[in-house]
Amino acid sequence: MSENKDFLRTIVEEDLKSGKNKEIVTRFPPEPNGFPHIGHAKSICINFGIASDYNGHCNLRMDDTNPTKEDTKYVEALKDAVKWLGFDWGDKVHFTSDYFPKIYDYAIELIKMDKAYVDSLSEDEIREYRGTVTEAGKRSKYAERSVEENLDLFERMKNGEFKDGEHILRAKIDMGAANMKMRDPLLYRIRHIHHFRAKDEWSIYPMYDFAHCLSDYIEGVSHSICTLEFENNRDIYNWVLDTLGLKSKRPYQYEFARLGINYTVMSKRKLLELVEAGQVSGWDDPRLPTIAGYKRRGYTPESILNFCDGIGIAKANSMVDVAQLEFCIRDDLNTKVPRVMCVLNPLKVTIENYDGNEELDASYYPDDVPKDGSRKLPFSREIYIERDDFIENPPKGYFRLTPEQPVRLKHAYIISCKEVIKDDNGNIVEIKAEYYPDSKSGSDTSGIKVKSAIQWVSAKDAKRVEVRVYDRLFKDEAPEGIEDINPDSLQIIKNALIEPAVITDRPDERFQFERQGYFYADPIDYTDEKPVFNKIVGLKDSWGKKKKTPLKIAKSQTKKVQIDGEVVAMSESEQRLFDNYTGKLNLNSEVANTLARDEKLSSFYEEAISANNSPITIANIVANEVARELKEKQVDELKFNAVQIAQLVKMIDDTTISNKIAKQVFEEMVKSGENPTKIVESKGLIQISDPSKILPIIDEVIAKNPDNVAKFKAGNTKLIGFFVGQVLKATGGKANPKVVNELVAKILL
RNA sequence: UGGGGUAUCGCCAAGCGGUAAGGCACUAGUUUUUGGUACUGGUAUUCGGGGGUUCGAAUCCCUCUACCCCAUCCA
């Protein structure tokens, strides 16, 4: 495993180390209501990847709690995707619907605890009662129903006695919760509809928030990993499990940012829109970011895996450049795939001094790919080359055939242009050329230097093939919808010409068409009579790039000026404190401000200075270190007190310890509540300021790092921090950093 | 607007008080019978802005700003 692991793996490792978990169990829990896309692939890689990295296992679970949208064809697609990516879900696929009876029992339990109730408000009323983000909601009058009544109603809901929407089961939490999700979330709704799996057994179906945490728990999941938009749902997740008292082997939820890729869309809704509007040929259209699409296009599972690995896992919303995906497929195919010759846009070349027929030996792989295999390449008087490979009046730096410049036919002879034949409109229709008999590939004695070797096919031997050239589906980097579609995303070339061995030998299904890109024999439309190839991705093209974008628009250098927002004014009493702090106690205004505006801090501060009259040092510690501890705690929850802080400061003031050590001691106080002087004593943290003790250590560090000494002497003065750090490390942090700094500077300068 | 998140190179992303990793993209060169590949180099005096604490801050504190998520009987 790489040393830089992502935050999820860090959590997993800590949980394993601390003994919180003995075994790692994850799960990939899609709702079977659409075709999986590369975003799912990321989730699959994370969940199955983490499980396998830590010798755990990962369940494949269909989250099928909403029968109106789900279908068995999607579960097949999901299974295919996981299998294709090379993961194994063990003996069976799990379904949330398998847990319906258990989940129902848990609901009953909640009702009995008076933690859930049957509400009979209408849908609109429920929405209205929920309040808004700034206003608290109000609870339904039905929340007062007795446990018995709730039990009765809920059972009758299950038995199908009520119509859709008549009643609903809700958790009794808090209608005023700041987190909207916690305002008595819905647990069960009535749905008289056929479930693709549970058939017609149920009239009620659990909601995501109730079913998901319980399914995780039932399966013994240790780490429930989902995407960022579920952050707010985590509170319910925990509430359900905690309220039901499900303690042992309880799962915890963690969230990561979902995958975004530029020039495409990833949402189910937008994908569906494209399919239904006929903008693409189906869910497996090679331009779509669906797994089926990539598969049809010719992407390999390895390339997708590498891509997912390469983009990392984090919590920042991000948009990955498609170029990164394209790199992964090129990188994968480069070492795997045979090179063949295909001409997409043919230009006829007649070699006037050639009359024979010969078959050339040609390796399928270049020298730098350690694979064997070759084919026979028919050569004849009439050939086709790519139209782009001849220019009558070439630009500077053009390496291919011109009236003046010869070129090598890959695996064959060098030719030069003798005559350019044009039609009435001035379009080039044919080149008359001459070949050099002694320039044959592999036994070239001609001595002619060419700048390039181009692909070609023999006119009478070439096979006609259809080539589908795909470009990005959208012209906009962050497309909104159909209006941003790239009209040229599909170009069908009906009459491309390919060397015969590709069709007759079929040495592979993926090829590199020399100098053009990687192509895939379409798994559906390809027939021997009518071969069809999909372009997977082009080769990197530094020539084409040079031509197209000679000048890049220099991005505006102007740094954005940020306007500071208004700061809330201090109250009168805060102002009084502030004036006192800056005036009488001589604190700097920032520190005084921090203290004065926070009641907890100011009272803590006052208490500390009454124990040790060192207002400035204490203020700094309180405003910086204590403030951190008090962010989410009350004073009486702290393990240390103001008097101890006063003692700590005393040791700083009389230089017993350095600021750095003080921080270390403070950490310890936070954890144990131990007296600071005792901590210093027991750990021997008294600082070393005597140069005669420090000097030898500095010498040692300098001797060990000659490179950095050289860099420093060359002017990299910020390396002083490196040396100080090393010396401090060697002394266990005890050396007086001020002294070390001075000493190091003196020695090295 | 209340709550929950997130900001490090053009795009991803490490980093958790002591020298700003790595990949993609870009760029220069070497090799090359693919303008491919491979190889070698160059790309952040600076981490959303401003202050503060410290010998030393991307990392700790204060504050401001921008973006994302939450008011489906969807997941």
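Naming convention: chains lettered A, B, ... in sequence-line order (proteins, then strands); numbering from 1 in each chain.
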OP1, OP2 of B/C26 versus side-chain N and O of A/Lys545: anything below 4.0 Å?
yes

Where protein sits on [range], one letter per nucleotide: B base, S sugar-phosphate only, - none, heavy atoms under 4.0 Å:
range	answer
nucleotides 55-60 of chain B	B-B--S
nucleotides 31-44 of chain B	--BBBBB-------
nucleotides 70-75 of chain B	SBSBBB

Provide the distance between the two C1' atoms, one in B/G18 and one in B/G23, to the nearest whole Å.
27 Å

Any ion pair linking A/Lys315 and A/Glu231 (charged N to carboxylate O, less than 4.0 Å)?
yes

Mind checking if A/Ile311 touches a base, just sugar-phosphate, or nothing, with heavy atoms under 4.0 Å?
sugar-phosphate

Which salt bridge (Lys or Arg N to Asp or Glu O under 4.0 Å) pairs, counting each pair once, include a residue from residues 440-452 of chain A, with sequence neighbours left out?
A/Glu358-A/Lys440, A/Arg408-A/Asp444

RNA chain B stem ranges, 3 or more consecutive Watson-Crick or G-U pairs under 3.5 angstrom:
B:2-7 with B:65-70, B:10-12 with B:22-24, B:26-30 with B:38-42, B:48-52 with B:60-64

Please confirm whether the backbone N or O of A/Arg400 pairs with a side-chain atom of A/Gln405, one donor and one acceptor, at under 3.5 Å?
yes

Output one line per pair: protein atom, nucleotide atom from nucleotides 64-67 of chain B, and distance, for all N/O pairs under 3.5 Å.
from  : atom 1 : to       : atom 2 : distance (Å)
B/C64 : O3'    : A/Gly565 : N      : 3.2
B/C64 : O2'    : A/Gly565 : N      : 2.4

Is there a side-chain contact between A/Asn593 and A/Arg597 (heavy atoms, below 4.5 Å)?
yes

